[in-house]
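A short write-up of the structure that comes next.
What you see is a predicted model, and the numbers here were worked out from it, not measured in a lab. All chains are named by letter (A, B, ...) in the order of the sequence lines, taking the proteins before the strands, and each is independently numbered beginning at 1.
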Number of protein chains: 2
Amino acid sequence: MVSIKDLAKHLDISIGTVSRALNDKPDVNKQTRAKVLQAADNLGYVANQSGRSLRQGTTNAIGFLIESGADTEGNSDNFFMGVIDGLQSELSKHKLDLLVLPCSTDEDPENYVKRMVARQLVDGMIISATHTIDKRIDFLSKSKLPFVALGQSETGKNHPWIDLDFEGVARVSIDRFVKNGHQRIAIALSANQLNLGSIFLKSYKDSLKRHDIEFAPELVLQANSNDKGGYAIADELLNLNDRPTAILLVHELMAHGLYRRFAEDGLVVGRDLAVIGFRNSAQARMFSPSLTSFKLSLRDLGIALAASLLSTMPAYQKHYSGKMLSQIWPMEIVDGESDAVKIPKNPI
Amino acid sequence: MVSIKDLAKHLDISIGTVSRALNDKPDVNKQTRAKVLQAADNLGYVANQSGRSLRQGTTNAIGFLIESGADTEGNSDNFFMGVIDGLQSELSKHKLDLLVLPCSTDEDPENYVKRMVARQLVDGMIISATHTIDKRIDFLSKSKLPFVALGQSETGKNHPWIDLDFEGVARVSIDRFVKNGHQRIAIALSANQLNLGSIFLKSYKDSLKRHDIEFAPELVLQANSNDKGGYAIADELLNLNDRPTAILLVHELMAHGLYRRFAEDGLVVGRDLAVIGFRNSAQARMFSPSLTSFKLSLRDLGIALAASLLSTMPAYQKHYSGKMLSQIWPMEIVDGESDAVKIPKNPI
DNA sequence: TATAGTATCGTAAACGTTTACGGAAATTAA
DNA sequence: TTAATTTCCGTAAACGTTTACGATACTATA
C-alpha cells in the first residue's frame, strides 16, 4: 500500500503539501497540485481511512442498523434493498459510504449498538425496526452520534425520525370500508412488539369512533406476519359468531394464507370479504383477485432518511437548510379487486 | 470518549501496561490487570478501532459485498438476511464483526470493490452475485485481501468459493422428470448474465444426454426472474407446436406467473404440466398445488462461507485445519404436488 | 527602496493504539 | 551474600493522516 509518505518522497516535496494538494486546500500551487494528483493516480494512492479517522475523528461512512434475523416484521421482500439503494444515492453525493450493520438474532440489539458506536466506524446512523420502547434510542441519544430512526418510538422524540404513515393507511382503509357500507371491520396485526402495531391499532380505533362504530375487541386479530398467520386469522374470523365483512391486513404477507383458508370453504376474497393489505409488495400483484394495497417507494424513503440524518450533521447541514427533520411518510392506495364488495346483503 | 491515556492517568500507571492488561499479554501482574479491567469497565472504555487498525493493520471486521439493486437474481432480502445470520454466528466466535457493503446500482461493481478495499475497513471479504466473468475477482486476487466467493466464476479459480449445487438440482430434477415418463422437458432461465444460468444449462444438457433425450433449443426459455417473466414463459410454452410436459424453473419467482397463465386457460400445474422450482422460498409453500422445490439452509450456508474465508486467513487458520476451502453446496428436494403428473396420456 | 502583503511550502505535533526494548525490583540459585 | 533469573512495568517509536504555525520568496504598495 502506497502512503502519503511514499508520494512525498517520490515527488520530493513534503507530506504536508501532498496532503493539502489531495484535499483541495487553498494554499498550494496549481502546478504542484496537478503533479501530486497525477502521481497519486499513477502510484494508485488512496487515503488510509484509519489514519484519517484517527486524526479527524471522522470516518466518511454512515451506518444502517438492521436486524438480520429471518422474519423481521414480515419484510420478506426487498424492503431493505430498496431503502439501501436510496440511502446510497443520497449519501454518495457527499462521498459518504454506507455500511449496513446487521444485528444478529443472537445478540441484544442495545449491546450491538453500543459496540458499533464504540468502534467509531461511522459518523452517523440510521436505525430500523424501531420498537415502542427502544433502548437503542436511549443510548444513541446520550451518545453524541447523529442518528435517524426509521419508525417512531416512545422512548424519546427529540431526534429525527421518519415513519410510514400507518395512521393514514388505517384511516384511508377504514374510511373506504365504511363508505362501501361495511360496519364490522376487523384488523389483523402482527404478534410481535413492534411499534407499528400500536399505531395501527390506535388509528383503527380512532377511525371507527369517527364513524360512530363501536369498537369490538374480538375483531382485533393477532398472528405471525406470514402465510400461516394469515390462515390462522382467517380461521378465527370464520369462526366468529358475528363475522366481520371487511378486514385490514397490516402485514399483507398474511394475505396468501387468508386467501387459502377462504378457498377451502369456497369463499372468495373481494366477494365474501373485503380486504385491504399493507404494503404493496412484489407479491401483492400476484394475488387473484388482486389485492388492494398501499404503494411505497423504498428508494425515495431511503433518500429521505439520508437527507434527514445529514441535516443534523454540522458538516452537511448547509445542503439541507430547508429540510424537515422528522416526517410522516405518505403512501398512496393502489386499487385492486379484493375490497370490491359493497354493503354485502349476506354478510358471511 | 475515554482513551487508554485516560485510563492510565486514572490508575497512575503507564499506557503500555494498560494496553497489555487489556489485551491479555503475559507480562502483567494479575492484580494490576484486574484493576485495569475494572477501571475500563467503570469508565466505559472501549478501544478506538482507528488507532488499533492504524497500528496493527487489522480491523477485526469482515465485509460482505452485496448488490443493493432491487432484483438481484431474485435474491430477495430473506436470502441475504439468512446468510448474514450464519456469517455472524461464525464470525462472532472470533470477535469479528460483519459489515455488509452494498454496491449501489449506480456504481460499477469493480470500482466499488476497489474503493472498499482501499478504505481498509475489513480484513477479508465475502462477495456474492458472482458473474461468469467477474472483474471483482480479478482485482481481489491481485490485492492481498482474503476473500471467498458465493458462486463460482470462470475468472480465476484459485480462491475459495462455495457454490450452490445447481448441477445437482438440475440433474435430480431431470432424473425425476424422466423417471415419471417425461421426454420433452423445458428449462426456464433468467435473462441476465449470472453464472448460475450457464451451470444450470450445462447440467440440463448433460442430464438429457444421459437419458438419450435430444436437446431441443426451443425448450430453453429465458425471461426475467419474476412474476411477469413466469407469465411470459408460460405463454411461450403454450404456443409451442410440440409442447413440453415438464419444466424446471431455475427461479421459482417465475412460478406464480406460470400458475397464473395456466389458470387462464383452465390448465392446472401438476396435472397438465410437471413443474419443479428452485429454490424453496417462503412463497413456495404458498402455491396451490404446492410447488416441488429444493431446500436450502441459508444460515448454514453463511456459516460455511465464514469458515471458508477464515481458513484462508493466517490468524484464524488454526481453528479450521480440516476445512475444505471450496465446495459445492448440496440441497435436498422437497416434495410438492406440482410435479405429480406421470407419463401424461394427453400431453398438453 | 523599504514595507506590507501574498503565495507557497516545510515542520512538527497530534489522534489512539500496540509493541520492542530496556530497566528495576523481586525471586531464586549458588 | 552474590549472581542469575524472573516478573513486572515504563519509555518511546511507529502506523498514516491532517493542520496550526512559521518560514521563505515573491509581488504590490508607498
Excluding sequence neighbours, so at least two apart, what forms salt bridge (Lys or Arg N to Asp or Glu O under 4.0 Å) with A/R55? none
Under the side chain to side chain contact (heavy atoms under 4.5 Å, CB included) rule, collect the residues that match up with A/P102, sequence neighbours excluded. A/I66, A/S68, A/Y112, B/I84, B/Q88, B/L98, B/V100
In residues 40-47 of chain A, which residues come under 4.0 Å of DNA chain D by heavy atom? A/Y45, A/V46, A/A47
Figure out the CG/P separation between B/N29 and C/dT27, and round it to whole Å. 11 Å
Rounded to whole Å, CG of A/N60 lies from C1' of D/dT17 at a distance of 12 Å
Which of residues 3-11 of chain B sit near DNA chain C, with a heavy atom under 4.0 Å from it? B/S3, B/I4, B/K5
Rounded interatomic separation in angstrom, taking CZ from A/R33 and C1' from C/dT8: 11 Å
If the condition is side chain to side chain contact (heavy atoms under 4.5 Å, CB included), which residues does A/V46 pass it with, not counting sequence neighbours? B/A118
Distance only, no hydrogens: is a donor on one side chain within 3.5 Å (strictly under) of an acceptor on the other, for A/D85 and B/T105? yes
Could you run down nucleotides 19-27 of chain D 5' to 3' and tag each one B, S or - for protein heavy-atom contact under 4.0 Å? BB-------
Return the value, rounded to whole Å, for the distance between atom CG of B/N48 and atom C1' of D/dT17. 14 Å
Based on the rotation axes of five pairs at each end, what angle does the helix from C/dT1-D/dA30 to C/dA30-D/dT1 bend through, to 10°? 50°
May I have all residue pairs that pass side chain to side chain donor-acceptor pair (under 3.5 Å) and include part of residues 21-34 of chain A, sequence neighbours excluded? none
Can you pull out every salt bridge (Lys or Arg N to Asp or Glu O under 4.0 Å) where at least one residue sits in residues 108-121 of chain A? Sequence neighbours excluded, please. A/E107-A/R115, A/E110-A/K114, A/R115-B/D97, A/R119-B/D97
Residues pairing under salt bridge (Lys or Arg N to Asp or Glu O under 4.0 Å) where one sits in residues 3-13 of chain B, two or more places apart or in two chains, turn out to be none
Could you tell me the separation between the CZ atom of A/R52 and the C1' atom of C/dA14, rounded to a whole number of Å? 17 Å
In whole Å, I'd like the distance from the CD atom of B/Q120 to the C1' atom of D/dG16. 9 Å
Set of side chain to side chain contact (heavy atoms under 4.5 Å, CB included) partners for A/L11, sequence neighbours left out: A/I13, A/V36, A/A39
Hits for side chain to side chain contact (heavy atoms under 4.5 Å, CB included) against B/E90, two or more places apart or cross-chain, chain-then-number order -> B/K93, B/H94, B/I303, B/A306, B/Y320
